[in-house]
Structure formats: C-alpha cells, structure tokens
Amino acid sequence: LRAYRRAFQVFQRQGQAQDAAIALRNMAVCHTNLNAFSQAFRTYARARAYGVSHGFALFVAEVDYNVAYVHYLRGEYGRAIALYRETRLACQTVGDRYHEALCDLYQAEMFLDLNMATEASDLAMASLERFTGLSMAYESAKATAVLAMAASAAGDTTLALERFRDARARFLREENRVWTALIDVHMAAAHVKAGEPETAADLLASSRAVFASVGLSKKVALCDVLLGRAALEGDPAAQRRRRHLPAS
C-alpha cells in the first residue's frame, strides 16, 4: 500500500493518468487482501471515477470485475452475480476476453458455494474454452479444477476424479506446488467418498507436507481433519461403532 500510494502521487504529478489509475486499483486490491473491504470499496470507487473521467473504458470494466469479487468475498452473492453480468457485457463491448472469462470462472465458484453444480459446470466450461483460446495455462488449470469440483458436487465421483487428474497435470506443468497439493486434497475427499481411504491418506500426507513447507497452517489443519476421516473410514472397528451411534 505504501509503495502504491507513493507511485500514485508521482504519476499524478507527472500527468501519467493511466499509470495513476492502475496504482489506485492496485491499492484497492491490497485492501481486499487485507480484508479491509470498506476501504477497498472506497478506493475502487475512486479508481472507477478516475477511469471514467479519463475515458479508460477497459480499465473501468476491470474495476467492476474486481468490485464484484469483493462482493463475492463478503458473501453478497446476489450483488456479485449482478455485477459480474454487467461486467461481462462491458468486457464484450471493449473486447476484453480475459476478464470476460474471469467473470465466468468466479461466478462458477459462487454457484458451487450455492450448491448449483450444473450452473457452475456450465460457466466453468465456458471459461475453460475462453482461457484455452487465449493460451492461458494457469487460468485453464483453475477452470478445470472448478469443473472437477462441480462434478464432485453433483455426485459424479468418476468424472470428478478424471477432471481433477487433468487439472493436476496442468498445475504440474506450471510448477505450481500449492495448487497441485490443493487438487490432491480434493481428490482425497473424492477417494474417501468412493470408499478408498488408503489412497486418500497417501494424497493427504503429501499435500500436508507441501502446505507445511510454505506455512499454510489452515491447509495443514484441513489435511489433518481429512486424514482422521480417512483413518476412520479404513478402521473396521470404528465403522462398527459409527453404525451404532444415534443419527445426529
């Protein structure tokens, strides 16, 4: 934030309007990453007004996309979906295929949160096709992962695992260890559901090591919980005990 504030002041003094606008937008991104959502909204509003006043149509569409994401993070799904719809149309008008695809991808993730697996799958597929056309490997891998999550949410474990393997291979090519480990966690959950706890435990153990090495303690805790679940699934005595527990 300090660096972007300094940059914004310099760009303003030098009359570098486009660079000043980008600095403003990136300040808002920093506020978002700090969970300072109110400040993020105010800074995005300032950036949007700046972009409108200078005729930066593409920049304004990008800001609207970012604002929609903040609404998503705050759980304001209705507002986020409406703004993604508006932003998608604006992106089509200015020819911004990248942010148009991102709108599809993040709206797909929202639909997963809302248990709308079919709608999530449709949008994730649309984003995958666009990212593939743009030769964007990381975004294509993420869209494939969302497609796999949608299949898992719909109860199609076979299709989910097939798509997770595809996503994993894509992230491996990108040398993205964290996302590869995240995919393994999702695959482990699918294997538990399919009655294959030993396979799940192997995946979780390797994922846990990756998360621990980069300091992602919440992800380490998630692996521990899932490892416990896999252990229970593979323990005949524990299974017998659960069958005699009252329904919760």
Side-chain angles (χ1 to χ4, degrees), residues 33 35 72-75 77 105-106 108-121 123-125 127-128 137-248:
N33 291 339
N35 293 324
Y72 167 41
L73 292 177
R74 283 165 56 101
Y77 295 135
L105 181 60
Y106 284 107
E109 290 187 2
M110 274 192 292
F111 282 149
L112 281 179
D113 289 346
L114 296 169
N115 296 318
M116 299 168 64
T118 300
E119 293 83 352
S121 182
L123 280 175
M125 182 62 75
S127 72
L128 175 59
Y138 167 78
E139 289 82 355
S140 295
K142 191 171 181 183
T144 305
V146 174
L147 271 173
M149 294 174 202
S152 180
D156 192 337
T157 302
T158 301
L159 179 59
L161 286 171
E162 177 185 323
R163 287 176 169 171
F164 278 132
R165 292 187 190 99
D166 184 8
R168 190 182 195 282
R170 292 170 184 264
F171 282 120
L172 276 176
R173 287 195 293 271
E174 290 296 293
E175 300 182 3
N176 192 318
R177 293 175 63 231
V178 171
W179 256 105
T180 301
L182 283 170
I183 294 298
D184 284 346
V185 170
H186 284 288
M187 290 179 66
H191 281 297
V192 170
K193 190 183 298 184
E196 301 166 345
E198 292 81 9
T199 302
D202 290 341
L203 288 168
L204 290 166
S206 62
S207 295
R208 189 187 191 284
V210 172
F211 296 144
S213 71
V214 295
L216 291 175
S217 56
K218 290 183 180 179
K219 293 292 190 294
V220 170
L222 173 63
C223 287
D224 287 340
V225 170
L226 292 175
L227 278 165
R229 186 178 301 167
L232 285 174
E233 290 295 330
D235 180 357
Q239 292 175 20
R240 287 195 297 272
R241 286 195 298 272
R242 284 204 306 279
R243 281 196 294 271
H244 290 90
L245 286 174
S248 57

- Note on the structure: Which of Thr180, Thr144, Asp184 passes side-chain hydrogen bond (donor to acceptor under 3.5 Å, both in side chains) with Arg168? Answer is Asp184
Minimum heavy-atom separation for [X] and [Y], please, with both atom names.
X	Y	answer
Val220	Ala212	CG2-N, 3.6 Å
Leu128	Ser140	CD1-O, 3.4 Å
Ala150	Ala120	CB-CB, 4.4 Å
Met110	Tyr72	CG-CD1, 2.9 Å

Just verifying a value: how many Å separate [X] [atom1] and [Y] [atom2], rounded to the nearest 0.5 Å?
X	Y	atom1	atom2	answer
Leu222	Ser207	CG	OG	9.5 Å
Glu109	Asp113	CD	CG	8.0 Å
Ser121	Arg163	OG	CZ	5.0 Å
Leu182	Asn176	CG	CG	8.5 Å
Leu161	Asp156	CG	CG	9.5 Å
Leu112	Glu119	CG	CD	10.5 Å

- Among all residues two or more places apart in sequence or in another chain, which pass the salt bridge (charged side-chain N to carboxylate O under 4.0 Å, His left out) test with Asp166? Arg170
- Task: Could you tell me which residues satisfy salt bridge (charged side-chain N to carboxylate O under 4.0 Å, His left out) with Asp224, sequence neighbours excluded, listed by chain and number?
- Result: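 Salt bridge (charged side-chain N to carboxylate O under 4.0 Å, His left out) list for Asp224, sorted by chain: Arg208.
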- Message: Checking Glu139 now: which residues fulfil side-chain contact (heavy atoms from CB on, under 4.5 Å) with it, not counting sequence neighbours?
- Response: Tyr98, Phe131, Met136
- Item | Any residue meeting side-chain contact (heavy atoms from CB on, under 4.5 Å) with Val210, in chain and number order, not counting sequence neighbours |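 Residues passing side-chain contact (heavy atoms from CB on, under 4.5 Å) with Val210: Arg177, Ala181.
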- In terms of the angle between their ring planes, are Tyr138 and Trp179 parallel, tilted or perpendicular, with boundaries placed at 30° and 60°?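 The rings of Tyr138 and Trp179 stand perpendicular, inter-plane angle above 60°.
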- Message: Give me each pair satisfying ring-ring contact (aromatic ring centres under 6.0 Å, His included) with a member in residues 192-221, each pair once, sequence neighbours excluded.
- Response: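 Passing the test, one end in residues 192-221: no pairs.
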Taking distance alone, no hydrogens or angles, what donor-acceptor pairs closer than 3.5 Å link side-chain atoms of residues 186-201 to residues at least two apart or in another chain?
{"residue": "His191", "atom": "ND1", "partner": "Glu196", "partner atom": "OE1", "Å": "2.5"}

